[in-house]
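Data block below; observations after.
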There are 2 protein chains.
Amino acid sequence: MQLKSQVEWALHCCAILSGLPAGRYLATKVLAEFHGVPKEYLSKALQGLSQAKIVESTLGPAGGYRLARGPDRISFLDIVEAVEGKSSTFVCSEIRKNNPCRPTGHCETKACSIARVMWQADQAWRNSLKGVLLSDLGKMLETDIPADLYRKSFEWVLARA
Amino acid sequence: MQLKSQVEWALHCCAILSGLPAGRYLATKVLAEFHGVPKEYLSKALQGLSQAKIVESTLGPAGGYRLARGPDRISFLDIVEAVEGKSSTFVCSEIRKNNPCRPTGHCETKACSIARVMWQADQAWRNSLKGVLLSDLGKMLETDIPADLYRKSFEWVLARA
DNA sequence: GACCCGGTACTCGGATATAATATGTCCGAGTCTGTACGG
DNA sequence: CCGTACAGACTCGGACATATTATATCCGAGTACCGGGTC
């Protein structure tokens with residue numbers, strides 16, 4: 001099991017978008033060039049973000065994407081679920097119903113114990129992601145990235161927004 | 001992203017094996033019949049468990065699998081990792097290195113901030129799985145399953161061990 | 001009667017096909033920009 | 001000089017191929033059991 005690479009791309013793109021001045025849009029082409037990934041495919045990830053109302057888009061020249069709300073109102077979980085879907089990582093196929101000893105027509109009273117444990121773990125994962133906001137990421141990047149590189153990148157992006 | 005169905009099967013099989021009297025083996029054929037899944041494919045999941053030293057196998061007639069240690073020493077995480085692998089669900093492909101502003105030869109000082117957040121969530125998921133032991137599952141099943149069905153299933157399995 | 005030996009049937013384990021999903025690419029519908037024109 | 005209409009170019013969005021992974025199946029190597037033969 002592995003998250004798709006689009007999740008990583010979407011997160012990086014949101015990080016860039018969160019640093020953009022209000023009202024400016026950034027095109028897929030620019031985001032793809034900055035990250036060195038295929039433009040056409042990256043657009044699928046951005047489409048997911050758009051449908052989830054995390055970003056909003058504009059057409060035409062000078063069009064592109066921007067965040068639909070403040071970075072302090074967007075969590076990692078929002079982004080991950082926009083790309084990967086909201087369904088649990090564990091799906092219970094109810095194989096217990098195939099138990100040859102099970103009386104026909106018997107109806108389970110509660111969810112499978114195994115599924116409950118797995119879903120609980122899934123929830124722990126989501127809670128962890130929910131606890132980190134895009135604004136938190138912004139602060140982390142400020143301290144992690146050398147000031148020089150940070151400023152250069154910012155200007156590079158701004159010149160194309 | 002979705003866990004493979006083998007994970008579910010492996011967990012159910014371990015649940016059965018944990019109720020087995022010491023020294024008895026249970027064949028793939030029986031486990032497959034009980035759960036209503038293809039015998040040949042289920043064996044792959046059991047192979048994973050075997051390689052992870054969670055279960056041990058014996059050949060020949062009356063052969064099969066049994067737990068390699070007590071159910072209080074086997075966690076959900078052990079089983080999930082045996083089937084899914086131990087690598088993180090998030091893989092960082094270091095796309096930040098493609099940043100056109102990045103000086104050539106620049107060496108990152110610490111791991112990508114985004115990856116750190118994702119890995120932390122992955123760890124939360126694993127910790128949750130680590131906290132539930134096979135013996136805990138046994139207790140849950142005892143209270144969840146109707147006593148009648150529980151006993152019947154136990155005898156059904158025992159007659160084939 | 002007890003022990004040894006060989007055949008047999010059953011087991012696991014890995015190598016091999018098929019289906020589903022992730023990855024990557026393409027083209028069309030729509031709209032904003034910039035310009036030329038008219039008032 | 002200003003407002004308006006229009007052509008053009010650029011954008012996103014979804015439809016279309018390919019590569020990788022999960023699913024399902026098959027066959028061979030190996031071993032414990034069982035029966036017969038021998039001491």
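Here is the naming used below: chain letters follow the sequence lines, and residue numbers restart at 1 for every chain.
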Query raised in the report: When you match A/Pro61 and A/Pro38 each to their closest nucleotide on DNA chain C, which lands nearer the 5' end?
Result: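 Its nearest nucleotide being more 5', the pick is A/Pro38.
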Query raised in the report: With side chains defined as the heavy atoms from C-beta onward, is the minimum distance between B/Phe34 and B/Ile16 less than 4.5 Å?
Result: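 Touching, per the 4.5 Å side-chain cut-off.
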Report task. State, yes or no, whether a side-chain contact exists between A/Ile74 and A/Cys14 at a heavy-atom distance under 4.5 Å. Result ->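 Contact flag for A/Ile74/A/Cys14 side chains = no.
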For the pair [X] and [Y], find out whether any cationic side-chain nitrogen is under 4.0 Å from an anionic carboxylate oxygen.
X	Y	result
B/Arg102	B/Glu108	yes
A/Glu33	A/Lys29	no
B/Asp144	A/Arg116	yes

For the pair made of [atom1] in [X] and [atom2] in [N], what is the distance, rounded to whole Å?
X	N	atom1	atom2	value
B/Gln6	D/dA24	CD	P	9 Å
A/Gln47	D/dA15	CD	C1'	11 Å
B/Glu40	D/dC26	CD	P	7 Å
A/Lys29	D/dA9	NZ	C1'	11 Å
B/Glu8	D/dT23	CD	P	11 Å
A/Leu59	D/dG14	CG	P	12 Å
B/Lys44	D/dC26	NZ	C1'	12 Å
A/Gln2	D/dA22	CD	C1'	13 Å

Would you classify [X] as touching base, sugar-phosphate or nothing, given that sugar-phosphate means primed atoms plus P, OP1 and OP2, and contacts are heavy atoms under 4.0 Å?
X	value
B/Tyr25	nothing
A/Glu84	nothing
B/Ala62	nothing

**Report entry** Boundaries of the chain B footprint along DNA chain C (any atom under 4.0 Å from a heavy atom)
**Finding:**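 The contacted stretch runs from C/dC10 to C/dA22.
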**Report entry** Distance test, side-chain N/O of A/Gln51 to OP1/OP2 of D/dG14, below 4.0 Å
**Finding:**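 Indeed, a polar side-chain atom of A/Gln51 lies that close.
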Query raised in the report: At under 4.0 Å, does any side-chain N or O of B/Ser5 touch on OP1 or OP2 of D/dA22?
Result: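 False: B/Ser5 side-chain N/O out of range (4.0 Å or more) of D/dA22 OP1/OP2.
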Requested in this report: Would you mind telling me which residue lines up with the more 5' stretch of DNA chain D, A/Tyr65 or B/Lys39, judged by nearest nucleotide?
Outcome: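 First, find each residue's nearest nucleotide; the 5'-ward one identifies A/Tyr65.
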Report task. Return the minimal non-hydrogen interatomic distance between A/Trp156 and A/Val30, and the atom names on each side. Result ->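 Smallest interatomic distance, heavy atoms only, reads CZ3-CG1, 3.8 Å.
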Report task. Compute whether any side-chain donor of one residue and acceptor of the other, for A/Tyr65 and A/Ser57, lie under 3.5 angstrom apart. Result ->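 Checked: A/Tyr65/A/Ser57 side chains show no N/O donor-acceptor pair below 3.5 Å.
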